[in-house]
Participant: 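Quick one: the structure is below, and I'll ask about it shortly.
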Amino acid sequence: MTEFSTTAFKISSALFVFSMGTIAGAIATAGFQKLAIRIHFSAPYNPIANQHQEPVAYLGGLGVATPLILYIAWQAITSSAAAPAQLFPLALASSIFLILGLLDDALSLGPKRKIVLQFFAAGVACAVVSVAPLTGIALFDFLLSMLWIVAVINAVNFTDVSDGLVGGLSCIALFSFALLIPELQTFLIIGAGACLGFLWLNRPPARIFLGDAGSHFLGSLLALLGIVSVQNGLSWSNLLSVILVLGIFLLEMTFITWVRIKKGIPWWRGSPDHFSLRMQAAGYSRSRINALTWIVALLLAATGIFIHVWPMHISILVISGLIVLIVLVWKKMLSLEVTQPEAMQPQPLQGAPDGDCGLCKEAAISRFIDTGVARVGICSSCGTGRVLTLNFGPRGPGFVDSYAEAYATERRSDKALSCMEVFDTYGPKPESHRKLLEIGCGRGEFLDLAREAGWDTTGVEISRVSAAVVKQSGHHVSQSSALDFLPDSPGHFSAVVMWDLLEHLDSPRIALENCIRWLRPGGTLVLVTPFMGSFYDRLGLFAHSTGLARRNPLLRMCWSQAHLYRFSPSGLREELVKIGFSDVFIEPKLLLSLSSDRYAGGDLMPRWSQISFLNRLGSRLGVAAASRFSLENKVVVVARKQP
């Protein structure tokens, strides 16, 4: 009777601790979800795991970690002397990985840099927690333990591609380790409850993700628990228990690595080969995938726990059955091939004919560079860089219109002032013939300034919304593009301007030839465009080639769905002369067409990180440095039509 009462008390205590962990995890996750939304700390659209069309909040890892951090703090304040010896080292080591994951979520560390930091943190963790005594040789054991920690972290990260999946698997694994490591039972049961509480907002469709912070925290904790379990007694049953408890994670990493190597792609490069995505392609819902995976995880974990008490022949029989099950599932997963999403395939672009660089008709593209954002062809004659394929997001027939409409929602008075300053410096003066045409006039801010300076203004704008605003402002306006605008009569304008437009056009040469027809004899073309080989081009390409940036903000500003060309100043000058311009003047300049806050990211520019205040800080520092050292980013082009 006394034994029964003791058992019942332990069960009720465990249920109470688990419930407290669940409640604390749910509250913390909800709080961090609201914080992530407020500071715009969210996961962008992922075309590989395309379950969400809108960004989803990060910081779920902090929601899981908070109950454990509170428990550690309570232990430190009240009874640190009686706490298990491994409790504080485990907490310290996993916290290091939590911070590393947060950095990756915020700054998008490249795979090379991240793996180096993972191994460094794993070395610190081994020094803090100790290592698994596998060989008896200290150096080998240290290296093997580091490799184990990094492997489990990435296994958890690989598995985290379906809503709710990793939260449930981590709950099962932590509860299993609570049974295998009794001295850490309270800590681990709280962690299992925290994972269940996290599932409240992570279940399909998820409103918050673990992020790399969560996968690094949980992965490191599970890996270190495996080391602690082996330290309690090195035997085949202990080793097998750890492998079985973490079986789904290890199988996912093994499966996806094997498939990617077989396909000839690097194991770290994203691809839709995860077992959960293959099951979704076969018609399984995310909830059903989670349930089936959790059942298999429970079977593996139960085997890992009971293997210590089963007779040898029973253990061999059960493990043989599991191996057969794994082989059958492996073959089934291989048969469920996933078609690569359209947004992840290189997107061929329409516009200039193949072999034509888009600026000089007779030249052929003879050199190619991979910017990480696009495959760019370099013209051997004029040096123009032309996007041949995009490595993200299709540019379909309606892209230009949708881009123009999005662009139309923003007023850009700061850009208009910069453009007017350029025009006053390099452009003609309004004399007797005062006709000015702006191609791509937006909402007409520059036209307003030009009219105040004495010009008779006309605008061309592809956006219906912007064209209506320009018309209401009293300007002549045509809702058209630079490639098909037809004025009432040729040779009508004494000045034509294009501000940051030429790089967006499918056929820039046609636009420049049109400018000749629109200008009166002696008329002036003034345009501003980014140029090939600027400091930002070179820095962005260097960062990409060295693997320092996975989502390189410089390259995404230089080459994007909207920016199709970058021009060599000398090549652009030569082609303008061939078209019929004279007195061509080209000067590289630093032109900040937007405020520093706008450069940080917004509707049209890439974010520097996932945290808004870091975006603004980094942008302001970058703009200040560019201004201080006069790092040119654009060229001003002034050309006159021959009289």
Side-chain angles (χ1 to χ4, degrees), residues 404 407-408 410-463 465-502 504-505 511-529 576 580-587 589 591-594 634-643:
Y407 197 85
E410 299 287 341
R411 290 196 63 86
R412 287 171 169 77
S413 300
D414 47 355
K415 178 176 180 177
L417 290 171
S418 296
C419 294
M420 195 65 208
E421 182 180 347
V422 170
F423 189 70
D424 286 340
T425 303
Y426 299 98
K429 304 304 177 186
E431 298 174 349
S432 58
H433 193 277
R434 300 178 299 174
K435 303 292 185 181
L436 179 144
L437 172 67
E438 182 184 7
I439 308 299
C441 62
R443 298 170 68 94
E445 291 93 337
F446 173 80
L447 292 179
D448 292 339
L449 297 173
R451 182 169 56 188
E452 293 175 5
W455 288 94
D456 181 4
T457 54
T458 300
V460 174
E461 174 55 45
I462 195 172
S463 164
V465 175
S466 290
V469 173
V470 175
K471 186 175 182 179
Q472 290 175 359
S473 299
H475 303 286
H476 304 291
V477 65
S478 172
Q479 185 189 343
S480 183
S481 74
L483 303 182
D484 53 18
F485 169 60
L486 296 174
D488 295 335
S489 60
H492 183 66
F493 300 98
S494 57
V496 174
V497 298
M498 287 191 288
W499 309 119
D500 293 316
L501 177 68
L502 197 63
H504 294 260
L505 302 177
L512 295 174
E513 290 173 343
N514 286 342
C515 290
I516 281 283
R517 289 191 287 270
W518 299 331
L519 283 167
R520 64 190 293 264
T524 303
L525 168 68
V526 182
L527 66 87
V528 167
T529 185
L576 285 169
F581 287 99
S582 62
D583 300 328
V584 178
F585 169 81
I586 298 181
E587 181 180 4
K589 289 186 71 67
L591 294 174
L592 301 177
S593 56
L594 300 174
K634 307 284 180 68
V635 286
V636 176
V637 180
V638 182
R640 289 176 175 81
K641 182 178 179 179
Q642 295 178 1

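Quantities reported herein were computed from a predicted structural model and do not represent experimental measurements.
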Participant: Using side-chain contact (heavy atoms from CB on, under 4.5 Å), reason through Leu502 and Leu512 one step at a time and then give a plain yes or no.
Facilitator: CA-CA 9 Å; Leu502 197 63; Leu512 295 174; 4.1 Å; yes
Participant: Nearest 0.5 angstrom please: Leu447 CG to Glu461 CD, how far?
Facilitator: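 Result: 10.0 Å between the selected atoms.
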Participant: Could you give the distance from CG (Leu436) to CH2 (Trp455), rounded to the nearest 0.5 Å?
Facilitator: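 Rounded to the nearest 0.5 Å, the CG-CH2 separation comes to 5.5 Å.
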Participant: Would you sort out whether Cys441 and His475 count as a side-chain contact (heavy atoms from CB on, under 4.5 Å), showing the intermediate values?
Facilitator: CA-CA 11 Å; Cys441 62; His475 303 286; over 6 Å; no
Participant: Is a side-chain donor or acceptor of Lys641 paired with a backbone partner of Gly523 at a separation under 3.5 angstrom?
Facilitator: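 No; judged by distance alone, with no hydrogens or angles, the pair does not exist.
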Participant: Please state whether the rings of Phe485 and Phe493 are parallel, tilted or perpendicular, taking 30° and 60° as the class boundaries.
Facilitator: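 Phe485 and Phe493: tilted rings.
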Participant: Of all heavy-atom pairs between Arg640 and Tyr426, which one has the smallest distance, and what is that distance?
Facilitator: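 For Arg640 and Tyr426, the tightest heavy-atom pair comes out as NH2-O, 4.2 Å.
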Participant: Ignoring hydrogens, what is the shortest heavy-atom contact between Met420 and Phe446? Give both atom names and the distance.
Facilitator: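 Scanning both residues, the minimum pair turns out to be SD-CE1, 3.5 Å.
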Participant: How many angstroms lie between CG in Leu449 and SG in Cys419, if you round to the nearest 0.5 Å?
Facilitator: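 Reported to 0.5 Å precision, the distance equals 9.5 Å.
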Participant: Rounded to the nearest 0.5 Å, what's the gap from OG1 on Thr457 to CZ on Arg434? Could you check?
Facilitator: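 Result: 11.0 Å between the selected atoms.
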Participant: How far does CG of Leu519 sit from NE2 of His492, to the nearest 0.5 angstrom?
Facilitator: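 Separation between the atoms: 11.5 Å.
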Participant: Between Ser466 and Gly442, which heavy-atom pair has the shortest distance, and what is it?
Facilitator: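 Minimum heavy-atom separation between Ser466 and Gly442: CB-O, 3.1 Å.
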Participant: If I compare all heavy atoms of Val584 with all of Ala639, which pair ends up nearest, and what's the gap?
Facilitator: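 Looking at all heavy atoms of both residues, the shortest contact is CG2-CB, 4.0 Å.
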Participant: More than 12 foreign heavy atoms under 6.0 Å from CD of Glu587: is that the case here?
Facilitator: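 Correct, the count exceeds 12.
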Participant: Show the nearest heavy-atom pair for residues Gly491 and Arg520, with the distance to one decimal.
Facilitator: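 Shortest heavy-atom separation between Gly491 and Arg520 comes out as O-CB, 3.4 Å.
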Participant: What's the shortest heavy-atom distance between His504 and Asp500, and which atoms?
Facilitator: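 Residues His504 and Asp500, closest heavy atoms: CD2-O, 3.1 Å.
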Participant: Would you check, one step at a time, whether the test side-chain contact (heavy atoms from CB on, under 4.5 Å) holds for Leu501 with Leu527?
Facilitator: CA-CA 8 Å; Leu501 177 68; Leu527 66 87; over 6 Å; no
Participant: Measuring from atom CG of Leu525 to atom CZ of Phe581, what distance do you get when rounded to the nearest 0.5 angstrom?
Facilitator: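 Reported to 0.5 Å precision, the distance equals 4.5 Å.
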